[in-house]
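In what follows, every heavy atom counts, from backbone to side chain, and hydrogens, waters and symmetry copies are set aside.
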Amino acid sequence: RQMCIRDRFTAVALISSVVFLSCSDKPNSEATESPSYSIDVNISNTSMDSAFLFVLESDGWNLVDSVNGDSGVFHFEGAVNGANYMAIGNRKRSYSIRLLADNSDISITADFQKPGEETIVGSASHSEYLATKDSMALFDIRMEELIKQYDEAETSNDTAKMSEIQADY
């Protein structure tokens, strides 16, 4: 019976120590840091010396930040709440790189001569978007085929073929 009381005392003492230590005033550096993004951009074949970061909001594209750089090399830092649709490019957005940005380290490699072929690494939201977009491509291809077939059937007034396509869809 004494052993049982001693074991209980030891357990209570251990739990109390853990609770006491976890409630100490010593700040935890990870807990005090706010989530943020860091976007490194490297655009080849350009002499751009400044870049602008825009975010798409309900009222349109809004300027978030602008930075100076050197021949297409730029760095942005900040924080977002969740995933945000952003564009990085020149002031008028005639050249822009669009991405879903979240609070992470993001690296973008692009060629000014090949818009839309940039590589974006580090944003989980952007990666998920691309995966979803790729999975929808097969559906889009099939839908385009059906629309083309339906248009041809409609042009030739082939109501049986039109009904067949509608039944398949």
Side-chain angles (χ1 to χ4, degrees), residues 14-151 168-169:
L14 181 63
I15 291 171
S16 298
S17 298
V18 169
V19 169
F20 176 75
L21 291 173
S22 67
C23 295
S24 70
D25 291 335
K26 184 178 177 182
N28 179 344
S29 61
E30 286 184 26
T32 59
E33 290 181 20
S34 299
S36 62
Y37 61 79
S38 173
I39 304 174
D40 289 314
V41 183
N42 189 341
I43 305 170
S44 62
N45 296 316
T46 185
S47 59
M48 286 174 57
D49 59 358
S50 62
F52 299 83
L53 178 65
F54 299 89
V55 64
L56 183 61
E57 296 177 333
S58 60
D59 61 341
W61 288 104
N62 293 306
L63 181 64
V64 174
D65 196 3
S66 63
V67 296
N68 292 324
D70 183 25
S71 298
V73 177
F74 308 100
H75 180 78
F76 294 95
E77 289 184 355
V80 291
N81 292 323
N84 282 244
Y85 191 54
M86 296 183 145
I88 298 170
N90 59 13
R91 179 75 170 144
K92 295 181 181 181
R93 290 189 327 277
S94 58
Y95 172 81
S96 66
I97 299 166
R98 297 183 181 203
L99 71 149
L100 278 170
D102 47 31
N103 290 320
S104 58
D105 293 333
I106 301 169
S107 176
I108 301 172
T109 306
D111 184 334
F112 192 80
Q113 304 298 323
K114 299 176 182 177
E117 294 183 23
E118 55 275 340
T119 301
I120 300 169
V121 177
S123 171
S125 300
H126 193 77
S127 296
E128 184 65 29
Y129 161 73
L130 291 177
T132 302
K133 183 178 166 187
D134 289 346
S135 71
M136 294 299 293
L138 293 175
F139 174 78
D140 292 342
I141 291 169
R142 177 67 180 138
M143 183 59 71
E144 286 177 22
E145 289 173 4
L146 288 173
I147 290 170
K148 183 180 176 185
Q149 290 173 10
Y150 190 88
D151 287 345
D168 286 345
Y169 175 71

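Around atom OH of Tyr95, more than 12 heavy atoms belonging to other residues, nucleotides or ligands sit under 6.0 Å away. Shown here is Asn81, whose CG atom has no more than 12 heavy atoms of other residues, nucleotides or ligands within 6.0 Å. For CG of Asp134, the number of neighbouring non-hydrogen atoms (other residues, nucleotides, ligands) closer than 6.0 Å is greater than 12.
Separating the CZ atom in Arg91 from the OG atom in Ser66 is a distance of 7.5 Å, to the nearest 0.5 Å. Ile147 contributes atom CD1, which lies 11.0 Å from atom CD of Gln149 (distance to the nearest 0.5 angstrom). Rounding to the nearest 0.5 Å places CD of Glu118 at 8.5 Å from CG of Leu99.
Closest approach of Ala87 to Ser96, counting heavy atoms only: CB-CB, 4.2 Å. Taking all atoms of both residues into account, the shortest heavy-atom contact from Ser50 to Asn68 is CB-OD1, 3.9 Å. Between Asn90 and Phe52, the shortest heavy-atom contact is C-CD1, 3.7 Å. Listed here is the closest heavy atom pair of Arg98 and His126: O-CE1, 3.8 Å.
In this structure the side chain of Val121 never reaches within 4.5 angstrom of the side chain of Thr109, judged on heavy atoms. Between Val80 and Met86 the shortest side-chain heavy-atom distance falls below 4.5 Å. Side chains of Leu53 and Val67 form no contact here, defined as non-hydrogen atoms less than 4.5 Å apart. At a threshold of 4.5 Å between non-hydrogen side-chain atoms, the residues Ile88 and Phe74 do not count as touching.
Between the side chain of Ser38 and the backbone N or O of Asp105, no donor-acceptor pair lies under 3.5 Å. In this structure, Asp102 contributes its side chain and Ser125 its backbone to a donor-acceptor pair below 3.5 Å. Of the possible donor and acceptor atoms, one in the side chain of Ser44 sits under 3.5 Å from a partner among the backbone N and O of Ala110.
Note on ring orientation: taking the six-membered ring where Trp is involved, the planes of Phe54 and Trp61 are perpendicular (angle over 60°, cut-offs 30° and 60°).
The only member of Ile97, Ile106, Asp65, Ile120 that meets side-chain contact (heavy atoms from CB on, under 4.5 Å) when paired with Ile39 is Ile106. With Asp111 as the fixed residue, the side-chain hydrogen bond (donor to acceptor under 3.5 Å, both in side chains) test singles out one of Asn42, Thr46, Thr119, Asn45: Asn45.
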Should Glu57 and Asn62 be marked as a side chain to side chain donor-acceptor pair (under 3.5 Å) after you check the CA-CA gap, both sets of side-chain angles, and the distance that decides it?
-> CA-CA 7 Å; Glu57 296 177 333; Asn62 293 306; 2.5 Å; yes
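Taking a cutoff of 4.0 Å between a charged side-chain nitrogen and a carboxylate oxygen, Lys148 and Glu145 do not qualify as a salt bridge.
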